[in-house]
Amino acid sequence: MKPLRIGNFSGFYGDRSAALREMLTGGEVDVLTGDYLAELTMLILARDRLKDPSAGYARTFPRQLEDCLGLARERGVRIVTNAGGLDPAGLAGEIRRLADRLGIPVRVAHVEGDDLTAAHPGTLAAHAYLGGFGITECLRAGADVVVTGRVTDAALVTGPAAAHFGWRPDDHGALAGAVVAGHVLECGTQATGGNYAFFTEGDVRRPGFPLAEIHADGSSVITKHPGTGGFVDVGTITAQLLYETGGARYAGPDVTARLDTVRLGPEGPDRVRIEGVRGEAPPPTLKVGLNRLGGFRNEIVFVLTGLGIEAKAALVREQLADALAKSPPREVRWELVRTDRADADTEETASALLRLVVRDPDQRVVGRALSGAAVELALASYPGFHVLAPPGKGAPYGVFEEVYVPYVGAAHVAVLHDGRRIPVPPPQETRPLAAVPDPPLPEPLPPGPARRAPLGLVVGARSGDKGGNANVGVWARSEDAWRWLAHTLTADAFRRLIPESRDLPVTRHLLPNLRAVNFVVEGILGAGVAAQARFDPQAKALGEWLRSRHLDIPETLL
């Protein structure tokens, strides 16, 4: 059977608006998927909906579709997207009105059942991560456009693949292969050289979006349209496979994919084959993401220039001590960021930043009283006093939490283009998740001379967030580098290199097929990205920080 070509045109809410047209005109494709949702996006949409009950979906998608709907229809390309956010029915209705206005006969279906907010009082949004078989039902019934709310990112690929190949829910091997392909596609250009550790090895000024040629057994080839920017190689695919994952078992409501069985291999320029993926029955419960208001946050950034940086910072802290003591915020965090350097030839490079971040359930505690106290220092503090932006009244921040519920707690329903409602049954077979024992280590490198150097000279890394946890995937590009990496970069070594993690649980997972180690750091992001607990709240650059750290590296690898 001919492979199914599934492309991606969006990796997040705000991605390149021209990508849908680029993917439709750049080459052959059967299905295009758009991923708009993340933990933070769900909170943003929930806050939008508080102001406007009709504002629960990604507003940018209909604008993209208005330019391309006729082209997609003409070329027979189906579109599957989670842009429905909190209101997939509302978006489906808007698309129908758009199609009517344009005079384009399009069948629009949507998927419901993820919204569990009513069952979780006190949340702004509570949504289950549904699987792909609701999408499958919509496509089997002839839909041209399928809109979902919160589904797993990979469901945008497993759903079309199951519809095309006739897979059943117990086809775990094929589904697992599609899950891996979906995980590669979900973040768009991160698979084609974007955000890549070795980005200088290709032209990544405007990477093309990726597509997967999926076969009936679930194996796939990841590629991109000819002539588009960026590049696809084993490294770019390895990086994306490690992104926002944990151990060897990558669980979802359709299947648990065994990442330790993935085999990658080059298949010509800008083509990487993925095969060998084993699948297991999904876990017995369904993940639900809870977003709620955590309180209010304020931030003031003082600019300290020239000499006496430490003394200037100490003076500000002493001057604001009384204001902070009068009505103490629940959380007060000072951080001195030494961006300055001696004898600098610009004022900016002569300056350091002192950040004050406060959080409290009461907006008044972090609002004008504190801001006013900071502003009053303008003529009464350190020489050169100024701040990056005027202090505000305090802004709400969100908290993310995940819980797990029985499948029957979510009424997964495919709403077909003709209005029929098809219930999607839960999986008949499930399997509790359990850690996979670490495989044996490779033979260590023989002893030899070593040199102090940055880790990133010999390994790549990619990092990301899952709630309050961060993951850092690190991979080697040669067998010798893998042998050294597996023995050297232990969980204890990671803690030494990343001081923030020293008092946190750090788990290392070995993935020899990918020549990779994946670290999960629990709690480093506090209550999730919306809480903005650290300088890099989504841990996007944590891997690059790790690569910049120095340790003794065998000279044979340098």
Side-chain angles (χ1 to χ4, degrees), residues 11-14 35-61 81-91 111-130 147-153 155 186-187 244 252-253 285-298 330-331 357 359-363 366 394-405 409-412 464-471 522-534 536-540:
F12 67 100
Y13 190 7
D35 185 359
Y36 289 77
L37 300 184
E39 294 164 1
L40 180 60
T41 315
M42 298 298 282
L43 177 64
I44 292 170
L45 292 174
R47 289 176 57 185
D48 288 346
R49 191 170 60 174
L50 289 176
K51 304 172 188 174
D52 178 0
S54 69
Y57 52 81
R59 294 290 190 178
T60 55
F61 176 65
T81 179
N82 61 17
L86 312 185
D87 187 11
L91 178 55
V111 177
E112 295 181 354
D114 61 300
D115 191 350
L116 304 184
T117 307
H120 295 273
T123 62
L124 290 176
H127 289 259
Y129 289 71
L130 302 179
V147 173
T148 78
R150 178 74 276 188
V151 296
T152 66
D153 298 336
E186 69 185 54
C187 289
E244 294 182 345
T285 53
L286 193 61
K287 176 180 171 181
V288 180
L290 309 181
N291 283 282
R292 57 182 173 83
L293 184 64
F296 295 86
R297 177 187 185 278
N298 208 348
R330 176 176 293 179
E331 181 182 346
V357 178
R359 292 185 179 83
D360 197 86
D362 187 342
Q363 186 175 19
V366 300
Y397 70 89
V399 171
F400 178 84
E401 179 187 1
E402 60 185 56
V403 298
Y404 294 84
V405 302
H412 191 177
D465 65 306
K466 280 294 180 187
N469 302 338
N471 94 288
E522 297 180 36
I524 193 171
L525 303 180
V529 54
Q532 299 183 23
R534 66 189 297 273
D536 173 18
Q538 289 181 279
K540 296 290 190 182

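These numbers come from the heavy atoms of this one structure, side chains and all, not from hydrogens, waters or symmetry mates.
In this structure, R297 and E331 have side chains that are not in contact, with every pair of non-hydrogen atoms separated by 4.5 Å or more. The shortest distance between side-chain heavy atoms of L116 and L290 does not fall below 4.5 Å. V111 has its side chain out of reach of P88: every pair of non-hydrogen atoms, C-beta onward, lies at least 4.5 Å apart. Looking at heavy atoms from C-beta onward, R150 lies out of side-chain contact with L130 at the 4.5 angstrom threshold.
Every residue was checked against the salt bridge (Lys or Arg N to Asp or Glu O under 4.0 Å) condition with E244, not counting sequence neighbours, and none meets it. Residues that satisfy the salt bridge (Lys or Arg N to Asp or Glu O under 4.0 Å) test with E402, not counting sequence neighbours, are K287. Evaluation of the side-chain contact (heavy atoms from CB on, under 4.5 Å) rule for A89 yields D87, H110, E112 as partners, not counting sequence neighbours. Take Y129 and apply the side chain to side chain donor-acceptor pair (under 3.5 Å) test, not counting sequence neighbours, and it matches no residue. Every residue meeting the side chain to side chain donor-acceptor pair (under 3.5 Å) condition with Y57, not counting sequence neighbours, appears here in chain and number order: R59, E94. With sequence neighbours excluded, the residues forming a side-chain contact (heavy atoms from CB on, under 4.5 Å) with T41 are Y13, L37, A38, L45, listed by chain and number. Taking the salt bridge (Lys or Arg N to Asp or Glu O under 4.0 Å) definition, one finds that D536 meets it with R534, sequence neighbours left out. A search for side-chain contact (heavy atoms from CB on, under 4.5 Å) contacts involving I44 returns L40, D48, not counting sequence neighbours. Listed by chain and residue number, D360, P361 satisfy the side-chain contact (heavy atoms from CB on, under 4.5 Å) test with R330 (two or more places apart in sequence, or in another chain). Partners of H412 according to the side chain to side chain donor-acceptor pair (under 3.5 Å) rule, which considers only residues two or more places apart in sequence or in another chain, do not exist here.
With values rounded to the nearest 0.5 angstrom, M42 atom CE is found 4.0 Å from H127 atom NE2. Here the OG1-CZ distance, from T123 to R292, works out to 9.5 Å after rounding to the nearest 0.5 Å. To the nearest 0.5 Å, the span separating CD on Q538 from CG on D465 amounts to 5.0 Å. Taken to the nearest 0.5 Å, the CG atom of N82 stands 9.5 Å off from the OG1 atom of T152. To the nearest 0.5 angstrom, Y36 atom OH is 11.5 Å from T148 atom OG1. Remark: D153 CG to D35 CG distance equals 4.0 Å, nearest 0.5 Å.
Contact record, V366 with N298: O-ND2, 2.7 Å, taken as the closest heavy-atom pair. Here the closest heavy-atom approach between residue N291 and residue E39 is recorded as OD1-O, 3.6 Å. Here the closest heavy-atom approach between residue A126 and residue T117 is recorded as N-OG1, 3.1 Å. Shown here for L124 and L50, the closest heavy-atom pair between the two residues is CD2-CD1, 3.8 Å. In plain terms, the two heavy atoms of G113 and A410 that are nearest each other are O-CB, 3.5 Å. Contact record, A470 with I524: CB-CG2, 3.5 Å, taken as the closest heavy-atom pair.
The pair R359-D362 fails the salt-bridge criterion, with no side-chain N (NZ, NE, NH1 or NH2) lying under 4.0 Å from an Asp/Glu carboxylate O.
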Practice task
Decide side-chain contact (heavy atoms from CB on, under 4.5 Å) for D114 and V151; before the verdict, give the C-alpha distance in whole Å, the side-chain angles of both, and the deciding distance to 0.1 Å.
Solution key: CA-CA 8 Å; D114 61 300; V151 296; over 6 Å; no
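Within the structure, salt bridge (charged side-chain N to carboxylate O under 4.0 Å, His left out) pairs that include any residue of residues 115-130 do not occur (at least two apart or interchain).
The number of heavy-atom neighbours closer than 6.0 Å to CZ of R47, taken from other residues, nucleotides and ligands shown, is 12 or below.
Between the side chain of Q363 and the backbone N or O of F296, no donor-acceptor pair lies under 3.5 Å.
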